[in-house]
Visitor: 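Dumping the structure here so I can ask a few things about it.
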Amino acid sequence: MKLVIRSKELPINTLKAYVEENNLQRRTAHSKPLEDSDISFPQLTDEQLRSLTCGVYQLKLSPSYIQEYMEGDSQICFHKDAPDLLRIRIQSRHVSSKKYFVWIKYSESEVNSWYCLCHAGARIVVVCVNGTVIIWYLSSARNADTTSYGVKDWSTVQVTPRENLVSKAAFGILRDSFVRQRSQSTKEKYKVQNILVDIIWTYRSDAEVKLDDGFNTIKEYRVGRMGQCHLKFSKAAMGHWYYENHLPIVQNGNVQKGARVVRGPEWDINDNVDGGHGYVGTVTNIKNSTNNNVTVQWDNGETATYSCSSKNKTLRLFDNGPSGVKHKNNFCDRCPTDRSIRGIRWKCKHCAEFDLCNECYMSAKDDHSNHPFDRIIAPDLKDNDDDNMFIRSDSTNIRKLSYGIFKSAEVVAIDNDDGNLCY
């Protein structure tokens, strides 16, 4: 059955598009403290506020959030980017060095749209917590007679001493428990060795597809998650550009299952199993044998095994985000998001605290293309040799376009080993 990939970002947040199109997030603004403002903001009823947040959870948080800002060292500041468009600067409650911008478009009687640079700020159905705090304060709380917004004094809460409590034993799936797979029909048992504390998350590792079944059914399939790819293309789509000689060579120690790869400098030019130069594949297996072999499933559905020893340069690492690589507390200075960089991180050697994710670095749309960059493949894997600097404006660079399972590709599903699709 033919499938067509669609973007998970549809429908589009029109205010987000306006902010990015006009580059408002990078414009200098003369901001004022929010509590000193005389903004003519619409007054909303409780019912109108609940309709914006689809419930009361975030509204219940708003009083304590505002109280912390009013009594703390940081301020909530605002600037008008247009007569009906507010830009609010608000500090993160969890990271002291992190600030968010919130845009709110409004009329005399209602809030029309919103956009925040936090990870949930582009939603068009529910306002994020930063936007909720601002809207709640401007439309309701600032008109109240009190300056206390109901922060609970936890020092007055009496907690029962543990010595006076009756302890209970816990039962369930714990270490040394014997378990069976839920879908397994046999009686074979397994013993739990350990309970994992750190959960591994992966990124850009799933595709949302629309089935050509007459009903536009939407399903999700793995494209890299846990080293599995359950799709192959019948018609490839274009991905993003990449500087070929800036991608690292796949070697033992810098690649995990789920990573996306392309052909490298020692690829046999007569071998087109990958589909052609620039076509992408997924690492589905790694064997730490003498040759450190990796198995790659190319996006055209073909599979082959390659050596990733230190002397072999058959493959390049295109994207290791799908294998779970994350640079905690390092953010891309071009992406309008507060998410840490996933995949290869690029750090400017001329500018302090300027980082790019792999896709933004390869797009070369920033003003640092003539600056040398460090390539940090993973948090503990940095190319720190001074001779190994990367400058995108160098005329010797070769820029290629990637192809494969990207947005708008036409794809068909591939069965797993057990004959079942993953979703």
Side-chain angles (χ1 to χ4, degrees), residues 200 202-205 223-229 239-240 242-269 271 273-299 302-327 330 341-347 349 356-359 361-362 372-392 394 396-400 402 404:
I200 300 174
T202 58
Y203 315 97
R204 298 183 295 277
S205 57
V223 185
R225 181 179 296 276
M226 307 304 293
Q228 296 176 327
C229 184
H240 62 76
Y242 65 95
Y243 290 94
E244 190 169 39
N245 57 339
H246 288 204
L247 293 179
I249 301 297
V250 171
Q251 294 180 342
N252 183 34
N254 73 354
V255 65
Q256 300 85 32
K257 288 199 300 183
R260 305 275 280 161
V261 297
V262 292
R263 59 170 64 178
E266 294 183 357
W267 182 274
D268 183 355
I269 59 174
D271 184 1
V273 66
D274 59 343
H277 204 156
Y279 280 76
V280 183
T282 301
V283 175
T284 58
N285 195 22
I286 299 176
K287 294 182 179 179
N288 293 319
S289 59
T290 305
N291 294 323
N292 298 304
N293 293 333
V294 298
T295 301
V296 176
Q297 179 181 311
W298 298 102
D299 282 5
E302 298 293 332
T303 301
T305 300
Y306 306 90
S307 171
C308 61
S309 65
S310 59
K311 296 180 181 180
N312 195 289
K313 299 181 179 180
T314 306
L315 300 173
R316 290 188 183 273
L317 187 61
F318 180 77
D319 182 11
N320 56 357
S323 62
V325 173
K326 175 181 177 180
H327 301 266
N330 295 113
I341 292 175
R342 276 78 162 164
I344 300 172
R345 172 189 167 205
W346 298 88
K347 183 175 179 60
K349 293 179 71 69
L356 293 174
C357 68
N358 195 49
E359 187 169 348
Y361 175 85
M362 297 299 176
F373 275 75
D374 276 333
R375 182 180 66 196
I376 306 173
I377 301 174
D380 57 350
L381 194 59
K382 176 184 176 183
D383 298 320
N384 53 11
D385 188 345
D386 289 338
D387 295 331
N388 199 15
M389 294 188 301
F390 302 91
I391 303 176
R392 288 167 290 173
D394 191 329
T396 62
N397 289 327
I398 301 174
R399 201 158 179 243
K400 300 290 295 184
S402 60

Visitor: So, does Ser402 use its side chain to make a donor-acceptor pair with the main chain of His240 at under 3.5 Å?
Guide: yes
Visitor: Going by heavy atoms in the side chains, are His277 and Trp267 under 4.5 Å from each other?
Guide: no
Visitor: Can you tell me how far the CG atom of Asn292 sits from the NZ atom of Lys287, to the nearest 0.5 Å?
Guide: 12.5 Å
Visitor: In terms of the angle between their ring planes, are Trp346 and Tyr361 parallel, tilted or perpendicular, with boundaries placed at 30° and 60°?
Guide: parallel
Visitor: For Gln256, is there any backbone N or O sitting under 3.5 Å from a side-chain donor or acceptor partner on Asn320?
Guide: no
Visitor: Taking the side chain as every heavy atom from C-beta outward, state whether Arg263 and Lys400 have any atom pair closer than 4.5 Å.
Guide: no
Visitor: Taking the side chain as every heavy atom from C-beta outward, state whether Glu266 and Ile249 have any atom pair closer than 4.5 Å.
Guide: no
Visitor: Walk me through it: do Val223 and Arg260 pass the test side-chain contact (heavy atoms from CB on, under 4.5 Å)?
Guide: CA-CA 9 Å; Val223 185; Arg260 305 275 280 161; 3.8 Å; yes
Visitor: Using side chain to side chain contact (heavy atoms under 4.5 Å, CB included) as the criterion, point out the one residue from Val261, Leu247, Val250 that pairs with Arg316.
Guide: Leu247
Visitor: Within this structure, what is the CG-OG distance for the pair Asn252 and Ser307, rounded to the nearest 0.5 Å?
Guide: 9.5 Å
Visitor: Keeping the roles fixed (side chain from Asn397, backbone from Arg392), state whether a donor-acceptor pair exists under 3.5 Å.
Guide: yes
Visitor: Between His327 (side chain only) and Arg342 (backbone N and O only), is there a donor and an acceptor less than 3.5 Å apart?
Guide: no
Visitor: Examine distances only and state if a side-chain atom of Asp299 and a backbone atom of Tyr279 form a donor-acceptor pair shorter than 3.5 Å.
Guide: no
Visitor: Please give me the minimum heavy-atom distance between Gly258 and Pro322, naming the atom from each residue.
Guide: O-CB, 3.2 Å
Visitor: Is there a side-chain contact between Asn312 and Tyr306 (heavy atoms, below 4.5 Å)?
Guide: no
Visitor: Does a side-chain heavy-atom distance below 4.5 Å link Phe318 with Thr282?
Guide: no
Visitor: Any heavy-atom pair between the side chains of Val325 and Pro379 that's under 4.5 Å?
Guide: yes
Visitor: Starting at NZ of Lys257, measure out to OG1 of Thr295 and round the result to the nearest 0.5 Å.
Guide: 10.0 Å
Visitor: For the CE atom of Met362 and the CD atom of Glu244, what is their distance to the nearest 0.5 Å?
Guide: 10.5 Å
Visitor: With side chains defined as the heavy atoms from C-beta onward, is the minimum distance between Pro248 and Ile344 less than 4.5 Å?
Guide: yes
Visitor: Hey, does Tyr242 have a side-chain heavy atom less than 4.5 Å from the side chain of Val262?
Guide: yes
Visitor: Say you draw a straight line from CZ of Arg345 to CZ of Arg375; how long is it, rounded to the nearest 0.5 Å?
Guide: 14.0 Å
Visitor: If I take atom CG from residue Asn245 and atom CG from residue Asp394, how far apart are they, to the nearest 0.5 angstrom?
Guide: 8.0 Å
Visitor: Check whether Asp374 reaches the backbone of Lys349 with its side chain - one donor and one acceptor, N or O, closer than 3.5 Å.
Guide: no
